[in-house]
Amino acid sequence: MRTSIIVANWKMNGTKLAVQEWLHTMTGQLSGLSATEKTTREWVFCPPSVYLDLASTLIKMPGLHEPLSLGAQNCHTAVKGAFTGEISANMLVDLGCRYVLVGHSERRQLFRENNQIVAEKVGAAQQAGLIPILCVGETAEERQANHTQAVIAAQLEAVLNHCESKTKIVIAYEPLWAIGTGLTAMPEQAQTVHQGIREWLRKNASEAVSSSLHLLYGGSVNPKNALGLLLQPDIDGLLVGGASLKASDFIEIGQAVSVV
Ligand code: PGA
């Protein structure tokens, strides 16, 4: 059975104090979880990169860590070099990161990252030992034109067919029309796309890859709609933006489905 992964993507929000307070609330709640809850659900915190070191130090404090992991929001394709302002995957590992978001639609749209750059970033992350969370998704126009599965297949093909490992990766389906808009995909709509992704993986990787990879949904997830999404058979977790800034909401989202 696949475990679930609940990711907080803070984007360019927060302060040192907010990180401290958020982690204090999170770790207080998580330390009270049952052993089963700790092993079946992983929580990932992706703060802005300038706060990763602080978060890493706080997460490592005795009794606070499990099951909270650290993730970055971006990394560069190169290992090191003259890339002013950039951060390499190795540096993220050095800071204690386990995950890195790659190919988020905001990076694709606002920073012109194309499939090739995304594929190189996935490769760089995997080589450094990070697990990339590869984001894919269609625009409203592409959905209206009935191109959703084709767009996602092209995004998967451009990246997965070129990366080193098809197992050390998490895929997040984030329809662009749902990100930060308050419009969430209906659980059934999301499930249909997730099922399509598993089908693609079955054909292009293997049955084992298809059934073992974690597929997350992201796009205006909140405490009210989390349950319906998490109940879908092919949705293994959530990538949460705006609603992750408040620790109590984020915890409510992740715990929408109770673990016995
Ligand atoms: P949102 O963002 O939850 O604010 O829509 C999700 C994301 O962009 O990862």
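First listed ligand is number 1; within each ligand, the first listed atom is number 1. Since the structure is predicted, the reported quantities are computational estimates derived from the model, not experimental observations.
To the nearest 0.5 Å, atoms NZ (Lys166) and CD1 (Ile171) are separated by 11.0 Å.
Under a 4.0 Å heavy-atom criterion, Cys135 is not in contact with ligand 1. In this structure, Gly218 does not count as a contact residue of ligand 1, since none of its heavy atoms falls inside 4.0 Å of the ligand.
Considering both main-chain and side-chain atoms, Ile179 never comes within under 3.5 Å of ligand 1 through any nitrogen or oxygen pair.
The option with the heavy atom closest to atom 5 (O) of ligand 1, from among Gly241, Gly180, Ser105, is Gly180.
In the hydrophobic clustering of ILVMFWY residues, with side-chain heavy atoms under 4.5 Å counting as a link, Val44 and Leu239 come out together.
Of the candidates Trp43, Phe250, Tyr51, Trp22 forms a ring pair (Phe, Tyr, Trp, His ring centres under 6.0 Å) with just one, namely Phe250.
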List the atom pairs, with distances to 0.1 Å, where a side-chain N or O of residues 1-10 and a protein N or O form a donor-acceptor pair under 3.5 Å, not counting sequence neighbours.
| residue | atom | partner | partner atom | Å |
| --- | --- | --- | --- | --- |
| Arg2 | NE | Asp236 | OD1 | 2.8 |
| Arg2 | NE | Asp236 | OD2 | 3.1 |
| Arg2 | NH1 | Ser211 | O | 2.7 |
| Arg2 | NH2 | Pro233 | O | 3.2 |
| Arg2 | NH2 | Asp236 | OD1 | 3.3 |
| Thr3 | OG1 | His214 | NE2 | 3.0 |
| Asn9 | OD1 | Lys11 | N | 3.0 |
| Trp10 | NE1 | Ser244 | O | 3.3 |

Under 3.5 Å, which donor-acceptor pairs link side chains of residues 123-138 to any protein atom two or more places apart or in another chain?
| residue | atom | partner | partner atom | Å |
| --- | --- | --- | --- | --- |
| Gln126 | OE1 | Ser165 | N | 3.2 |
| Gln126 | NE2 | Ser165 | O | 2.8 |
| Gln126 | NE2 | Lys168 | O | 3.0 |
| Gln127 | NE2 | Glu164 | OE2 | 3.1 |
| Glu138 | OE1 | Tyr173 | OH | 2.9 |
| Glu138 | OE2 | Arg143 | NE | 2.7 |
| Glu138 | OE2 | Arg143 | NH2 | 3.3 |
| Glu138 | OE2 | Tyr173 | OH | 3.0 |
| Glu138 | OE2 | Trp177 | NE1 | 2.9 |

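Atom numbering of ligand 1 starts at 1 in the shown order; those under 4.0 Å from a heavy atom of Asn9 are 9 (O). Proximity to Gly219 (heavy-atom distance under 4.0 Å) selects the following atoms of ligand 1: 5 (O). Which parts of ligand 1 touch Gly242 is read off a 4.0 Å heavy-atom cut-off, strictly below it: atoms 1 (P), 3 (O), 4 (O).
Regarding atom 7 (C) of ligand 1, its nearest protein heavy-atom neighbour is Glu174 OE2, 3.1 Å. Of all protein heavy atoms, the one lying nearest to atom 2 (O) of ligand 1 is Lys11 NZ, 3.2 Å.
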